[in-house]
Every structure is written in structure tokens, then in C-alpha cells.
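Take a look at the structure set out below.
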Amino acid sequence: MDAAAKRRRSESVMPRYNPAVIEPKWQKYWEKNRTFACPRLPKGRKLYVLDMFPYPSGDGLHVGHPEGYTATDIVCRYNRMKGVSVMHPMGWDAFGLPAEQHAKKTGTPPRETTEKNIANFRRQLRMLGFSYDWDRELATTDLNYFRWTQWIFLVLYDTWFDQSEQRGRPIAELPIPEEVEAEGEAAPERYRDEHRLAYQIEAPVNWCPALGTVLANEEVVGGVSERGGHMVVRTKLRQWMLRITAYADRLEKDLDRLDWSEGIKLLQRNWIGRSTGAEVDFFIGDRLPLAVSQQEEYEAWKRRRSKTGFPKKPGNDMLRIYTTRADTLFGATYMVLAPEHPFVERLTAPEQREAVRAYCEQAARKSDLDRTDLAKEKTGVWTGSYAVNPVNGESIPIWVADYVLISYGTGAIMAVPAHDTRDFEFAEQFDLPIRAVLKASRRYFGWGYVDVRPLSEWHRQQESGEICFTGDESKIRICQSEVELLDPSISINSGPYNDLPTAEFKRKIAEDLAAQGIGRAAVNYKLRDWLFSRQHFWGEPFPLLHELDDDGRPTGRVRALAPSELPLDLPAEMAFDADHDRPEPPLDKAPDDWLYVTIDGRRYKRETNTMPQWAGSCWYYLRFLDPKNARALVDPQVEKAWMPVDLYVGGAEHAVLHLLYARFWHKVLFDRGHVGGDEPFQKLVNQGMILGENGEKMSKSRGNAVNPDEVVREYGADSLRLFEMFMGPLEAVKPWSMDGVSGVRGFLDRVWRMIVDERAETMQLNPAVQVVKPSAEQNRVLHKTIKAVTADLDRMSFNTAISRMMEFTNFFLKQEPRPRAAMEKLVLLLSPFAPHAAEELWAALGHDESLAFPPWPEFDEAAIKEDTIEVPVQIGGKLRGRIQVPAEADKAALESAARAEPKIAELLAGKTVVKAIVVPGRMVNFVVK
RNA sequence: GCCGGAGUGGCGGAAUGGCAGACGCGCUGGAUUCAAAAUCCAGUGGCCUUCGGGCUGUGUGGGUUCAAGUCCCACCUCCGGUACCA
């Protein structure tokens, strides 16, 4: 016999546990029998279990991927055995920059690279025995997939957000105001474009000429590219935006209904960053620049305002600010504009022109990151003009400083240095006046700070402005020392509003400002609209055309493709040159027959930006339900039957953006009637990262990456799966350990030997396994195990479930004979975790059919009950002995049994028992004197 | 700075307010073997011990309770998120 034949013989006949043989065997069996094919519509109870689909990188899978995938697979297999209809698909988030960069280097088309990577990922996932319905596999790069991504974009483009109804509606239903109508033919179209959920702006991008690409903010460090350290230029480019901010309120409120961890919800809430406050107008006059207060004009303006009310759009004679602390208006001693604020130039006095221009230019060069990260010290410059504080008529100077952001609120603030840390720092820096308008109503002393002055003296100093604090109503800061303040603070130096607590002040001044037409309540969000275009080739093309005039220049009119004109594929013939000297998208160099279109005698140029990678992942969970549908993105009947996703598992790195974007799209689709619910993911679980064996983040460059191929070759897929679950709680961050894999492999070996006769020539049962009635103890162990494993699965506590099965195995290996029925139950319990080994053992136990669908074992509470139990006895809370008592023993019986225990009796002798605490079934504790 | 999460043996971790350290790794000793691997058995938080046991122990300091890893207060450390959001 040659070596190969010997190996073949030993592998196929010798009944040692050999995953290298049985794993491929069962994978083929499942595939051939379509064991995990999911019906079009659920039969009975449904469960939609979704993994965050991977980006198929060239490196292949690493052991972090299968963590969540194993967890969901276990949940799916467990539920199938409970008779639930389970939807469990897998696909590929396949657009992405690496394939395009590879194309620039080698000329290999991105699609080719992508398909090769997908094939490798698919092979690796199949190797791990996940019970996906592979018939539903999709990639975001499939033409048949992204035609519907484009279709959804058309829905977004065709939708405006009705604020009063808080929902998206067809753009055709947008009411056109008369004054717009009056502006002429083109005005209504322009008005509509301004209200669409998809709109265009000129936005700054980080263009890196050396790399020939536009970089994301986080790829720019200290003004140069993160990779290579090349120069990065901030330049403006026409971009598509999605109006996610319109949905900010709903995105925040609807979190309440979701079964997500509070931590993740909070992360999203903070990202959305809703705040309530007021917008207030400060008079600046119309003869600019304004050097001194124009008292008469100001009075006239105020009179006008009290008649007209607060205008929707701010005029040119005023500066509109947003504040959450309108109660500190009397403390506003200066104002600040963001350098990009449109009023900066008008407000700059001639003698300040040079300084302001230089400052703004310098600010423009800084990236957002530099502006925050490096700017420890406040910078700014005075414009030379003043505004009038509407509550007291005071003239206050207007400054320009980059600590005010153009993208938040109105891009202008009133500065209250007495009660805002940032304004305080700025005022100190530039020697601006500080006026306290709040005093604490009680004092509390923080760590290391003792203030021995009487409260009245403290208040006097606050009123005179010698000391002040920034803050909200619960925490204050006396300049730099922290002090806890429990009671609300009280207003001072605020004219008619003195002695009001903060909340009441806010309410009152909001009313008064509104009545005078100077202010109104307002809500703001940190959330920004979504920059939706990328200057890449390898992404979904926008289904949009730009109209050209006779000279080939864009007219500004946009024409959307009709849904019937989809899909719009990428051009087949593209040259990928590494040199790319303009920030314009690569598609600008697409062949003319792709780039230019003539419809009804008009020439159009296609949009050449492409969509970001987020686009495809925003709705893939819908397409899985009906992946081949050519008429709709998903059949409504199918969608209603399966949605929402009942369990969504993925990394916490997507806790904010992906989940927010997907929820946003889903709500738009809901508003427009394309889906039946307004939230896609009911329950969310974030698996923790798996670190390298050295406790560092796993990566190729650190040399601590673990390749699943190796682990499977060495130990088998079941061992890999089992170990990933045994390491610790799913949500915890935990280090890899090859010794640990070897440990769970040992467990599988033991399970195998418990059931199979290893010494036999052929596959046959261990002689100890017999059809016998289990002893009471065996039965108790069996049913305790079933109960515990079931409970652990229900709360996704996989590590403890595995340890229960280890205890079972440790016990039964010592038992002879071993009841065959008990062995079968264990195999069923094990099957979601180690499906290949379980199938093989199930077959060995004489079953012809896969164990994917037999009913999940039930436990019998009566079998678990013990006759006598051991109960600890404590004296003064310290363990002093144990007693054996009937399980049903009541308090009195327990106490007397405890007193009768010789050791306890000895220790109690001569002492007075003050109290005896007896918890039946648990413990006895004597409190003695 | 702010917001989350977590600190338990040599390591990963387990414990509805009720016997801390389940289960696994590692380690020690033994059986088996010509030997090794594999397997099996026993032990394994620390200190002390007359070998009965005793004391001590869940980041630190306080508190509540008959009883605290678990609840409360303060602090320390680590990890993650965020970054002038008015």
C-alpha cells in the first residue's frame, strides 16, 4: 500500500476524530441537500439573523471575522431545531478603494480583483461550516444589486422632508411659495432642488496631488497625507449631499424602541447631538462697517421687529446667533464669527482689513483636525465693528475666531466669558470684559479646594465679577477649580430678570424675545448632512445627467435617469493611470460614449462622482430577502414577512455611521411606502475585538495575525468555532490563544471517545454506550445540562454553554454503561457549536438524516431535583460548616440540623445566638454575641 | 476635557446580594510507555499549619447589610468613543 492509500484508508476507516475528513464531507452534504435553503416566506415563527457582511480584502479572512459569524450561526442552528423559520444570508461589501489602487499599480480591472477576493472569502467561510443560505449571496458590486442602490438614490433625489408632518414626501408635492413662482420659470425648479434629500454643494476636500486622490479627513495628519507624508491641498469641489439632518429627530427618538445596548444608543445620541436653545438676532446696522452704536437705528429696528416678528431668513442688518443659554444674554460681552461666515468681509473695518484677511486665510489652510487638535491656545482677530446686545442695548465688539465653527448653529455666537470655558479662555487671551450673570445658590466644595469665605462674601465676589463659573445647572467651575453645585443657579446683573433660577429664566426670556421678534426657540444637531460623493472609479455611478449648453458647459440643470433606464453600469473600458493631476473624479476620463448622452436633441454629461462605500451597505439586508427580483428591490410581501432583522451582529466600529446611514435610508423608504416598518434592526449585538496573542490589536504589520486556514488545518473548523465562543463573552475584547484552541480540540476528542470506539477498525459505537435506562444521577446531569445550555443560548452566553457541555463530558466519560439516549441529547446540544462533529456522531448513533432539524432537547425539572442537598452554615457571616439536608427542608428543620452539626454546636457553645438567618435551600447564618 | 465600558489565580474567564475562582489553558506529581507523543488519575489563589485546620483574598479607601466580586459614595488604572457643537 502506498502512503497516500494508507492515509486514505486510515482517514476513512479509522474512527479517530478527524475533522479534515468529516468537515468537507458534511459541508458537501449540506450543499447537496440544500439543508439551509430558506423559504421565500417564513412558515410559522420567523427569525432574521444578519451578520455585518465583510469587505472582501486581499488578505482574506482573519480570526476576528468568524467570531460574530459563529455566534449568529449558533443562534440560527439552535432556532431551526426549535422549529423557527430562519433567514441567514451572507454577501460582500465589495466596492472600495484598495481594488482601485491595485488597478492603478497593475492595470488589473477592479472587478477582477474584487471577484478573486470574493472567491477566497467564500471558500474560507464555507470551510467554517456556517449555515448560510448561499442561494441568497450578493455583492454590492453586482450590476443587479447596484441598479437598486441607484434606484434608491433616485427615491432620495425625488423626496423632500415635510417638517410639519415630519416625513419625506414626493418632490412633486412640495408647495411652491408664490414669491418663488413670481421669480420666473427657472425658480420653482431651483426651489425644488434646494429641498431634495439629495442636493449639491461646493464642499472642501483634501486633494493630494502626489497620490492623485482625494483623502478623507482622518487620512490627513498635520496637513500632509497619512501615507507617504505628501502635501495635501484643501480645495472646493462640487459634491452631492444627503439631507440626513432632516431625519435627526426621528433617528434619535426611535432609538428608544430598539433592543440595542444603552451604550450604543448613547453613542448614536451623542453623534446626533440634539440640543435645544434659541436663535437671537443682534443688530449690526446697515451702514457698514459699523464703528459705533447707532442708537436710533437700533431703536427703529427693534420697533420694526416687534411688528414683523422674527424673520425666517436673517437680514443683512443683523447677526443671528444660536445659544442654549439665553439666560446669560446679559453676560454677552462680545461676539465671534467663524472665519468662513459670510458677514466677515462686510463687518471688517478698513484698518482691520489686512489682519482679518490674513487670519481667515490661515484658518482656511488648516484642516478641521488641525483646527481642533493643535489649537490649544485661542486665536482670533477683531473686525473693528460692533453689534448691539438686544437685551440691554449695549455695543459689543465683533471678533473672528476659529473656535467658532461655520458648520454648527449659525456660525456666529454671543460670547459669555463668565460662564463658558471657551469664551473665558478667549477673553483672557484678548483682555475682553467678563461679566458674571449667574451665582450659585449654594456652595459645595470640590476635591482639594476649601473655600472658607462666608456665602454672602462669595456672592458679593460673584456679583462683582471677581469670581465666576461656567456651566450648566449641576456642575460649575470657579475659574479653574471644580465645585459641585446641586441647586440651580440664580441670575444676577440681568436687569429685570434678576434672581431667577436658570430654567425659569430660559422660559421667560424665550417668550419675551419671541414677543419682540428678536429671538425664537431653536433646535440644533451636531449631526451634519452626509457628504455622499467620492472621487473614485470603483463605486456606484450616480444615475444623473448634467445638461450642457451649446458650448459644452453645464447649465446647472440636472436630469435624473428614469428607473427604467437603470442599471447604469461603469464604463467597461477605462485606463487606470497612476498620474492623476486634478481632484476631479476618474470617471471624467471615461470614454465619451459613456460620458456624453443626447436626449431629445440636448446634450448631457453624466455625473462622474461615485457613491461612497456606505451606499451599498445601507440596504443589503432588504435585498437578501429577494435577491433575484428584477422588478423591485424587494417584493413587499416578502419584506413584510421577514423584516425587521431580529438579530444584527457586527463590530462596534460601525456603531455610529453605518447604522445611522442604514436607519436613515430605511426611514426614507418607509416614508415613500417601499418598506413596511421604519426601523431595520430590532436587536443589535456588537462583538468585541479579538486581539493577537500578545494582547495587541491583530494586524499583518504587527506580525500577530492569525489565519483561519492554518487553524482549520491544524485543529479543524469545529475547534476554531468552539474556541471563538469559549474565549469569553461575545461582546468582550479578548486575546487569541493557540493553546486555547488546542484545549477545545481536546474537548471534542473527549466527546468523540465518549461515543465512538476509537480502537475498532471501523466506525462503531464505544461499547460503553448502551441502550439502558439512565441512573438518577446520570439523568440529573443530563437534564441540568440541557437546562443550562438552553438558558445560556437564550442569552447568547456561549462560553458558559460550552463549559456546561464539558462538565457533562467529564462526568459521563467516567460512567459505564453510558445511556445512548443521553449521548444523543448531548450531540444535539453540541450541534450548533460544532456542527460537523455532531453530524458525524449523530450518524454514528444510527441516524440517516441530518441533525439540523430534530427538535431541540427538552429538560425535565423533576429529573433535576435532588433528594438531599448540601447547605453551608455560617457563624457571623463566616463559613463554619456544611450540612446534608432534604432538599425540601423548611426553615426550622434547617436551623435545627445546623445546630446539631457537631462543629457548629461546638462553636456556638457559650455564645448567644442573636438571630438565625435561614434561607431554605441556600444557607444558614447564625449571628452571635 | 467630556461620554461609555472594564479591573477576580500564572493566563482566558465563571458566579439571580447567600460556599469566590465553574470550565479551559498552563504548571506540579503519579499511572501507562523501551522512550516520547497521546491518554488517564491526583493536585493547583496567597500565607500559616501540630495536617484537624486557621487566617487572608475579587483595583484603592469608606459605607449599607446577618451576609458584598455583586448595592451606595469617593478615588486610581486600563480600554473604547469623542473633540472648541455655543
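A, B, ... follow the sequence lines: proteins, then strands. Residue 1 opens every chain. The analysis underlying the following values was restricted to heavy atoms, covering all of them including side chains, and did not include hydrogens, waters or symmetry mates.
At a cut-off of 3.5 angstrom, the base of U16(B) holds at least one donor-acceptor pair with the side chain of Arg922(A).
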Run Glu861(A) and Lys865(A) through salt bridge (Lys or Arg N to Asp or Glu O under 4.0 Å) and show every step you take.
CA-CA 7 Å; Glu861(A) 198 71 58; Lys865(A) 282 228 174 82; over 6 Å; no

Stepwise, does the salt bridge (Lys or Arg N to Asp or Glu O under 4.0 Å) test hold for Glu262(A) with Lys265(A)?
CA-CA 5 Å; Glu262(A) 283 308 312; Lys265(A) 286 191 193 179; 3.6 Å; yes

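When Watson-Crick and G-U wobble pairs are counted only if both distances are under 3.5 Å, U60(B) pairs with A74(B). As the counterpart of G26(B), U44(B) is assigned, both hydrogen-bonding distances of the Watson-Crick or G-U wobble pattern falling under 3.5 Å.
Considering only the side chain of Pro729(A), G13(B) comes nearest among G54(B), G26(B), G13(B). Comparing G81(B), G13(B), A86(B) by their closest approach to the side chain of Lys734(A) singles out G13(B).
Using a 4.0 Å heavy-atom criterion, one finds that Lys697(A) contacts no nucleic acid atom at all. Residue contacts for Ser742(A): at a heavy-atom cut-off of 4.0 Å it reaches no nucleic acid atom on any strand shown. Asn810(A) comes within 4.0 angstrom of sugar-phosphate atoms only, judged by non-hydrogen atoms across all strands, and of no base.
Side-chain N/O atoms of Arg759(A) include none lying less than 4.0 angstrom from OP1 or OP2 on U39(B). Residue Arg750(A) places at least one side-chain N or O under 4.0 Å from the OP1 or OP2 atom of C40(B). Listed pair Asn799(A) / C23(B) fails the phosphate criterion, with no side-chain N or O lying under 4.0 Å from OP1 or OP2.
Comparing Met689(A) and Lys878(A) by the nucleotide of RNA chain B whose heavy atom lies nearest to each, the residue mapping closer to the 5' end is Lys878(A).
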I'd like a table of atom pairs between the protein and nucleotides 66-72 of chain B - only N or O on both sides, under 3.5 Å - with the distance next to each one.
residue : atom : partner   : partner atom : Å
C66(B)  : O2'  : Asn925(A) : ND2          : 3.3
C66(B)  : O2   : Asn925(A) : ND2          : 2.7

Atom pairs, N/O to N/O, protein against nucleotides 27-33 of chain B, distance under 3.5 Å?
none

